[in-house]
Amino acid sequence: MSPAIRVPLRILGIDPGLRRTGWGVIESDGNRLSFVGCGSVEPPDGLPLASRLLAIHEGLAAVLNDFKPAEAAVEQTFVNKDGVATLKLGQARGVAMLAPAIFGISVSEYAPNQVKKTVVGSGHADKTQVMVMLKLLLPKAEPASPDAADALAIAITHAHHRSSATLKLRVVGA
């Protein structure tokens, strides 16, 4: 019997937001990571909330169609002092989770400090430190916005933690 051929796993990371929803696609082959693409969905300013959410969904659906990821990961929302802003961000996050689910893709969630700890080694790292590590981990990546960079970091986090996330999904779904 010949050994199984390993196929790289394509992962979509999503950093949800109403103004800009960042996305990043990587491939994971064992411990090896490679950059595939990144960008952001930016609904026009002044749109009503429902139209902004629709634009986010349509933008992510286009990314899903173009890049065909096998798995997705979304950053969890942290609650801040402004309840209305937190609620609106939660709605964008719901759309960010729904889009891959519609395509039959499992979605994992990671806390912001878990993403920073995975990529930088410290849960309290700043955006500059995350960018420096992204350059080391994915030298071909040139994220045009902080949201796209964060999305790549989320995808990297999923690549490192996916076996425990998949196990958790199986246990919950059992």
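FYI, side chains are in, hydrogens and waters are out, and symmetry mates aren't considered; it's all heavy atoms of this structure. None of the values given here were measured: they were computed from a predicted structure.
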Undergrad: Distance check, rounded to the nearest 0.5 Å: S106 atom OG versus R162 atom CZ?
TA: 8.0 Å
Undergrad: So, taking the atom named CG in L98 and the one named CG in L60, what distance separates them when rounded to the nearest 0.5 Å?
TA: 10.0 Å
Undergrad: Just do the side chain to side chain contact (heavy atoms under 4.5 Å, CB included) check on Q114 and Q76 with the steps written out, would you?
TA: CA-CA 10 Å; Q114 184 179 11; Q76 290 175 342; over 6 Å; no
Undergrad: Got a sec, which residues hit ring pair (Phe, Tyr, Trp, His ring centres under 6.0 Å) with F103, two or more places apart in sequence or on another chain?
TA: none
Undergrad: Please give me the minimum heavy-atom distance between V41 and A55, naming the atom from each residue.
TA: CG1-O, 3.6 Å
Undergrad: For residues 138-154, run the donor-acceptor check on the side chains, cut-off 3.5 Å, and write out each pair with its distance to 0.1 Å, sequence neighbours left out.
TA:
{"unit_1": "E142", "atom_1": "OE2", "unit_2": "K135", "atom_2": "NZ", "d": "3.1"}
{"unit_1": "S145", "atom_1": "OG", "unit_2": "D147", "atom_2": "N", "d": "3.4"}
{"unit_1": "S145", "atom_1": "OG", "unit_2": "A148", "atom_2": "N", "d": "3.1"}
{"unit_1": "D147", "atom_1": "OD2", "unit_2": "R20", "atom_2": "NE", "d": "2.6"}
{"unit_1": "D150", "atom_1": "OD2", "unit_2": "K127", "atom_2": "NZ", "d": "2.7"}

Undergrad: Specify the closest pair of heavy atoms between L18 and A92, including all atoms of both residues, with the distance to one decimal.
TA: CD2-CB, 4.0 Å
Undergrad: Are P16 and V74 packed together at the side-chain level, in the sense that at least one heavy-atom pair is separated by less than 4.5 angstrom?
TA: yes
Undergrad: Would you give the length of the straight line joining atom CZ of F35 to atom CG of L134, rounded to the nearest 0.5 angstrom?
TA: 10.0 Å
Undergrad: Can you give me the closest heavy-atom contact between A159 and L33, atom names plus distance?
TA: CB-CD2, 3.7 Å
Undergrad: Which value, rounded to the nearest 0.5 Å, describes the distance between L49 atom CG and K88 atom NZ?
TA: 6.5 Å
Undergrad: For the atom pair CG (L89) and CD (E75), what is the distance rounded to the nearest 0.5 Å?
TA: 9.0 Å
Undergrad: Are E109 and M97 close enough that some pair of their side-chain heavy atoms sits under 4.5 Å apart?
TA: yes
Undergrad: If you take all heavy atoms of A73 and H158, which pair is closest and at what distance?
TA: CB-CB, 3.6 Å
Undergrad: V36 versus F67: any side-chain heavy-atom pair under 4.5 Å?
TA: yes
Undergrad: Could you pull out the closest heavy-atom pair between V119 and V130, with the gap in Å?
TA: CG1-O, 4.4 Å
Undergrad: Using 0.5 Å steps for rounding, measure from the CD1 atom of I11 to the OG atom of S108.
TA: 9.0 Å
Undergrad: Please report the closest heavy-atom contact between L9 and A70, naming both atoms and the distance.
TA: CD1-CB, 3.4 Å
Undergrad: With sequence neighbours excluded, give me every side-chain hydrogen bond (donor to acceptor under 3.5 Å, both in side chains) pair touching residues 41-68.
TA: S40-E42
